[in-house]
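Note sheet for the following structure.
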Amino acid sequence: MKLELITETPQETKNLGEKMGSLSEPNMVWTMSGDLGAGKTTLTQGIARGLGITRTVSSPTFTILKIYQGRLPLYHFDAYRLEGTHQELGFEEMIDGEGLTVIEWPEYMEDLEQTEPLRITLHRLGEDRRRIVLETENEKYAALMEALK
Ligand code: ADP
Ligand code: MG
């Protein structure tokens with residue numbers, strides 16, 4: 001399954017995230033790929049809003065994992081710091097299975113192989129224009145993707 005969306009402003013990306021957050025269910029894993037400045041954290045801020053999280057979500061580059069409490073807990077990973085370390089983070093032990101997991105820089109996380117996540121890729125098309133691609137083979141995300149069309 002694949003869904004491609006275009007946003008024209010940061011606000012539109014947040015609104016998309018908000019909708020995704022409101023549709024999220026326990027134990028979902030969403031990965032976010034894209035260059036620096038593509039909008040991964042902006043999208044995550046919208047997701048947090050959709051979960052009813054009022055705390056400010058910032059990029060967790062120096063902490064690997066930040067946890068926010070909302071309708072579901074949000075586990076926000078940023079694996080950028082793991083580049084080249086090839087270490088198994090044991091991320092499944094770090095989450096309790098009740099929350100939504102969002103992972104920035106999943107390419108540096110070694111233990112995602114057993115998971116078929118919802119893969120989100122953000123492309124910078126211009127100053128404010130972004131292409132956001134959602135892709136997965138996991139049927140568990142079918143309804144979510146349908147609702148975002
Ligand atoms: P990343 O986490 O991928 O490095 P950020 O979300 O931190 O990216 O930064 C994205 C930057 O691009 C922000 O400054 C944001 O205001 C800007 N921006 C401009 N247009 C958009 C858009 N359509 N969607 C998301 N961010 C956008
Ligand atoms: Mg970021």
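Of all the heavy atoms in I53 and Y68, the pair that sits closest is CD1-CB, 3.6 Å. Across S58 and T41, no two heavy atoms sit closer than the pair C-CG2, 4.1 Å. T13 and G39 get closest at one heavy-atom pair: CG2-O, 4.3 Å. Annotation for T85 and L82: closest pair OG1-O, 2.6 Å, computed over non-hydrogen atoms. Between E12 and E8, the closest heavy-atom pair is OE1-N, 3.2 Å. In terms of heavy atoms, M32 sits closest to P106 at O-CD, 3.4 Å.
Linking Ile, Leu, Val, Met, Phe, Trp and Tyr residues whenever their side-chain heavy atoms come within less than 4.5 Å places L65 and Y80 in a single cluster. No single ILVMFWY cluster, assembled from side-chain heavy atoms under 4.5 Å apart, contains both L16 and V133. Note: the hydrophobic cluster containing M1 also contains L3 (ILVMFWY, side chain heavy atoms under 4.5 Å, direct or indirect links). Criterion: ILVMFWY side-chain heavy atoms under 4.5 Å apart, direct or through other members. Under it, L36 and I103 are part of a common hydrophobic cluster. The same ILVMFWY cluster, assembled from side-chain heavy atoms under 4.5 Å apart, contains both W105 and I67.
Counted by atom type alone, T121 and E135 present zero donor-acceptor pairs between their side chains at under 3.5 Å.
For the atom pair CG of N138 and CG of L144, the computed distance is 11.0 Å after rounding to the nearest 0.5 Å. Interatomic distance, CD of E83 versus CE of M109, reported as 15.0 Å (0.5 Å rounding). Within the model, atoms CG of N27 and OG1 of T101 stand 7.5 Å from one another, a figure rounded to the nearest 0.5 Å. One distance of note links CG of L134 with CG of L5; it measures 6.5 Å at 0.5 Å rounding. In this structure, OG1 in T136 is found 4.0 Å from CD in E116, a value given to the nearest 0.5 Å. In this structure, CD on E25 lies 8.0 Å from CZ on R71, to the nearest 0.5 angstrom.
The backbone N or O of S33 lies less than 3.5 Å from no partner atom in the side chain of R119, so there is not a single donor-acceptor pair. Of the possible polar contacts, one joining the K19 side chain to the A147 backbone as a donor-acceptor pair under 3.5 Å is found. Not a single donor-acceptor pair under 3.5 Å links the side chain of K14 to the backbone N or O of R49. Using a distance-only test at 3.5 Å, with no hydrogens or angles considered, a donor-acceptor pair links the side chain of K40 to the main chain of G34. R55 contributes no side-chain N or O that, together with a main-chain N or O of A48, makes up a donor-acceptor pair within less than 3.5 Å. With R81 contributing its side chain and T63 its backbone, the two residues share no donor-acceptor pair below 3.5 Å.
Evaluated for a side-chain contact (heavy atoms from CB on, under 4.5 Å) with V102, the options V57, T31, L74, L43 yield exactly one hit, L74.
Within the 4.5 Å cutoff, the side chain of H76 has no heavy atoms near those of the I47 side chain. The side-chain heavy atoms of M28 and L72, taken from C-beta on, include no pair separated by under 4.5 Å.
Open room surrounds CZ on R129; 12 or fewer heavy atoms of other groups in view lie less than 6.0 Å from it.
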**Prompt:** Checking side-chain contact (heavy atoms from CB on, under 4.5 Å) for the pair R130/T42: CA distance, chi angles, key distance, verdict?
**Reply:** CA-CA 12 Å; R130 302 290 187 272; T42 302; over 6 Å; no

